[in-house]
> 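Sharing a structure, written as structure tokens. Questions coming.
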Amino acid sequence: MKFAVIITLKKDVLDPQGKVIEQTLQNMGINSLKNLRQGKYIEIELNESDEKKAKSAIENMCKKLLVNLIIEQYKIIKI
Amino acid sequence: MKFAVIITLKKDVLDPQGKVIEQTLQNMGINSLKNLRQGKYIEIELNESDEKKAKSAIENMCKKLLVNLIIEQYKIIKI
Amino acid sequence: MNSSVIVFPGSNCDRDIATALTKLQFKNKMVWHKDNELPKSDLIVIPGGFSYGDYLRSGAIAAKSNILNEVIKAANSGCLILGICNGFQILIETGLLKGALLRNKDLKFISKDVYLKVTNNNNKFCKNYKKNNIIRLNIAHNEGNYFTQKDHLKELEDKELIPFKYCNKNGLINDSTNPNGSINNIAGILNNGKNILGMMPHPERMIDNLISNTDGIGLFTSILN
Amino acid sequence: MKITKEIIDFHGLKSEEYSKIKLLLNREPNILELGIFSAMWNEHCSYKSSKVHLKKLPIKNKNVIQGPGENAGVIDIGDDDAVVFKIESHNHPSFIEPYQGAATGVGGILRDVFTMGARPIALLNSIHFGDPKNKKTKNLLNGVVSGIGGYGNCIGIPTVAGETKFNSTYNENILVNAMAVGLADKKRIFYSKAKGINKPVVYVGSKTGRDGIHGASMASAEFDENSEDKKPTVQVGDPFTEKLLMEACLELMKKDSIISIQDMGAAGLTSSSVEMAFKGNLGIELDLDKVPCREDNMSPYEMMLSESQERMLIILEDGKENEASEIFKKWDLDFVIIGKTTNSKNLSLKFKNEIVATIPINALSSNAPLYDRKWTKKKFKSKKVKFKDLKKISFDEAFFKIISSPNQSNKKWVTEQYDQMVMGDTIERSGTDAAIIKIHNKDKAIAVTVDSSANYCKSFPLNGGKQIVCESWRNLISVGAKPIAITNCLNFGNPENPEIMGEFAENILGIKEACEFLDYPVVSGNVSFYNGTNNNNIYPTPVIGGVGLIKNLNKIQNHRFKKTGSNIVVVGKTFGHLDQSVFINQIHNLHDGMPPDVNLLNEKNNGEMVFKLINTGIINSVHDVSTGGIILALAEMSISSQIGIKINKPKKLTNIFEYFFGEDQSRYIIEVDKKNYSKLESLFKENNIYFDNIGTTQNEYFELDNDLKINVKELYELNNKWYNQFNGLNN
Ligand SMILES: Nc1ncnc2c1ncn2[C@@H]1O[C@H](COP(=O)(O)OP(=O)(O)O)[C@@H](O)[C@H]1O
Ligand SMILES: [Mg+2]
């Protein structure tokens, strides 16, 4: 079973990377760009056929390692 | 209009980050983990109401800056 | 000999390389990344640092700057180009050199002196080193893990396009002497025309015994004559 | 909005303090004003509990250009060169978010240094963690170290020295102290004092966000009408922007356009504007609509209290706005005139065409509360450890245990994550007694070190204070530098507790005494109180950052043995003081007793002697003796050079443990060629310096009579293995 975890910075947390990328794109002449924020994307494949169990395993990974809950939030998607 | 760009390493490109995370999780006792790869997630907001135009603007950003097409691939999703 | 050092807002080895070039008798000029013109140069150096914070991918944003168009033109007309550390990453992002520089294998920034074997000296950057010389240079990077496809790797090896490989002080090249996980212990590569060199180690840090050693000087003197 | 008791409490103000605010204003403050008072009157900005004690420190001598009170201290190193330096704590933020906390700590201290007109040339850090067995330690350690590296590496300033220590006292309160050292032109130092009326006040750098608004979660949720989720957020560092800000400021400083400049550190816009106005005895008026904001709908409260990083406030000379703004444009940074100086002596804030706050500057600064808090003298447990009562252990077993323990293990795993060579002037990197940085393009250098000894300070704060200054001095001497001045970061527990306040008061007395005796003044520093939880305060942990000058680059020394067959000499007398030593602490788990005595006269004499020896060039290597005693010092000399030793017990010695593990002060180990030994001996005798000739260097083996023999390579492995085990690596 395969999942995607999308990790983004919480609102109001400074995103230095996103800021620089946004500025660069704007300098390159892309005027319609309003806002850009960068996050992480993690693809996880599990040996587990029970979706509920799988999800809770991923939830566990997020909390224990993948996500810094002080500044980040996450979403789990089955793919 | 808001989009997400998901950038992942091509299949045959080494993913040191994913590998270390995978190992760490396995060392933490998560046995069901089969495979893990890390990518980027970029959220982009555009001042553009025409979806087609918007998508092509994003496509353009990907090719020009966001993605290194030699080692990475990408997907654009409207959110 | 005229050299130019390209300066990006986040470059931080620009002064170091300029000091080295001047000390070794280059006539050096600094070139700001927003400039549209290059001074007449026999050598262009893209220095180390974090050109744009290394955000997105290291070197990616710098590769899109005005001046890089000029660097590419110069490169194509045979000018010598040296990219050190972040400069190597930038050369990769511009496509002047092939492959990718990924995160170090243990995901940590590595700063230390390492041994390198001069695996090929048949090029303008290394001719003052003897083949299989072992030199000691400093590395300081987060993303120096060189990766490339099999066929390109073969080409690199076959055409003598790999001047430096990580080794230990006895010249042993294997996983245990590989600081960052680079494929085949590669520390630097040349383009097919051998006028462009990208390398992770810092030769400009090794030009003075008081500070470190003088193992980096050979690279600059090779270019000079 | 009505100011309730709850809101006052929340702002950390005592009810007497609130009454004082009303008195000073002659009315009730509004919520914005209350926020401003709370920021300016808190311990961090006002130094209200520490000021009366800090006054005692010696802050002047002929080399001091600027002592405490500015963004950083400034000393004269000759030829119009000035060295600017300071240390600062970022303990609490680093415990919450280790990477960002440590990173922004480095960013903050760098701004303090380049604000004064100096280009930073070195970074140092002192980091203290809980017991390695504590669940949290690993994450905190790895996060802090990569945060420190992440920031310094990116901005391109070498991180050259530091200390990493573990002790369960820091389990719930780690210490992250960062020090920055910069180089300036003595004639072009910049200060924060405003001058002149109607001068433009300029905001430069990053935009203001809702970062670290001092724990105001409840506050800002309540104060905002449309109270959407507005949790206070952790400050995130952006070293790239800091690099731009640094370059832009240094470029502007070459022109004659700055009247005064101040970074926005703790309490951001509030403290920077108040500070500048207060020092200039002026008022300041800000138009908050102009403040560059990162988020929509930021309130004046949020703007004034935000701790967003990488921002500065500058007061410009008339007519220099365009020239200055061009420079910031070049570096892609915001440059906005947000106000002006006034003669009102008020802080006056405008927002949406209304005056939203008016506070007399004095009320925020000179009239801030000042406390001479109750303190009690340290009571001692007089019992001294009797050696014969100790459990038996063999000498080599004890030594192996210590050399491979977390605190004594090699810290390469830390320092290899820091770029130590960038800027091209690092002569000695981490791993030596003090790092050495060459002054660019000149034939001189500075030496820098940071030191602390919490165990000593806990058991006897007065002596601990003295000892730590001496250790710093000794570390500089050991590399051939003349010690010039120090900065200090005083990390203590809760000052409202008289015992803690006593530790603080006595510790400062100790620092004072040593600094005075050694002519080693304090030019800057930082106090961090409230380290600990509830009634569990950390050990008093003053951290001393020392700077010394090397005038002749040929007279530099280090602790690496140079050859086999040289004599090894201990300078200074060994009494065998074991109480509070690593040996007693770690091997016998005893923590009572007094730290070693500090004899300032011996310290000075021995140090000056060693300095002279280095300058005459007759010795091959030098290392000071500190924690772990002679044997640890010898081990470090061997490990770093891969040269062995053969040591004999001195004849008069009663006990090998006491001699080799004792932590008596004022001692050094030196290596001297056989042929120079008699000359050395006579120099010592002439100068009345006590010394022991204990053995010689040799190939391969680290050897002490019949009590210890180990191959140097194995010793190296022992010294290096801890971290990899801890971090679960197998190489
Ligand atoms: N956090 C750190 N940052 C930089 N250098 C460090 C750090 N921790 C330890 N070091 C280096 O390791 C060496 C040994 O540290 P320590 O045992 O505390 O030294 P000393 O006994 O001389 O005070 C020193 O050279 C110091 O600079
Ligand atoms: Mg020392």
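What you see below is based on every heavy atom in this structure, not just the backbone, and it leaves out hydrogens, waters and symmetry mates.
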> Determine whether L66(B) and I44(B) make a side-chain contact, defined as any pair of heavy atoms from C-beta on separated by less than 4.5 Å.
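Yes, their side chains come closer than 4.5 Å.
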> For chain A, which candidate among I21(B), V5(B), N60(B), L46(B) shows the most heavy-atom pairs at distances under 4.5 Å?
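Of the candidates given, the most pairs with chain A belong to L46(B).
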> If you count heavy-atom pairs under 4.5 Å between each of Q17(A), Q38(A), E43(A) and chain B, which one has the most?
E43(A)
> Tell me which of these, M28(B), E48(B), K2(B), has more heavy-atom pairs under 4.5 Å with chain A than the rest.
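Most pairs with chain A among the choices: M28(B).
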> Assess whether a salt bridge exists between E22(B) and R37(B), defined as any Lys/Arg side-chain N lying under 4.0 Å from an Asp/Glu carboxylate O.
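Result for this pair is no, no salt bridge flagged.
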> Only one of E51(A), K52(A), K53(A) clears side chain to side chain contact (heavy atoms under 4.5 Å, CB included) with K55(A); which?
E51(A)
> Please indicate whether K10(B) has more than 12 foreign heavy atoms, meaning atoms of other residues, nucleotides or ligands, lying under 6.0 Å from its NZ.
yes
> What part of I30(A) is in contact with chain B, defined as an atom under 4.5 angstrom from a non-hydrogen atom: side chain, backbone, both or neither?
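When you check distances to chain B, only side chain atoms of I30(A) fall under 4.5 Å.
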> Does any heavy atom of chain B fall under 4.5 Å from the side chain of I6(A), the backbone, both, or neither of them?
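Contact with chain B is through the side chain of I6(A) alone.
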> So, do K40(A) and Y41(B) sit near enough that their side-chain heavy atoms are less than 4.5 Å apart?
no
> Where on I58(A) is there a heavy atom nearer than 4.5 Å to chain B: the side chain, the backbone, both, or neither?
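The answer is neither part of I58(A).
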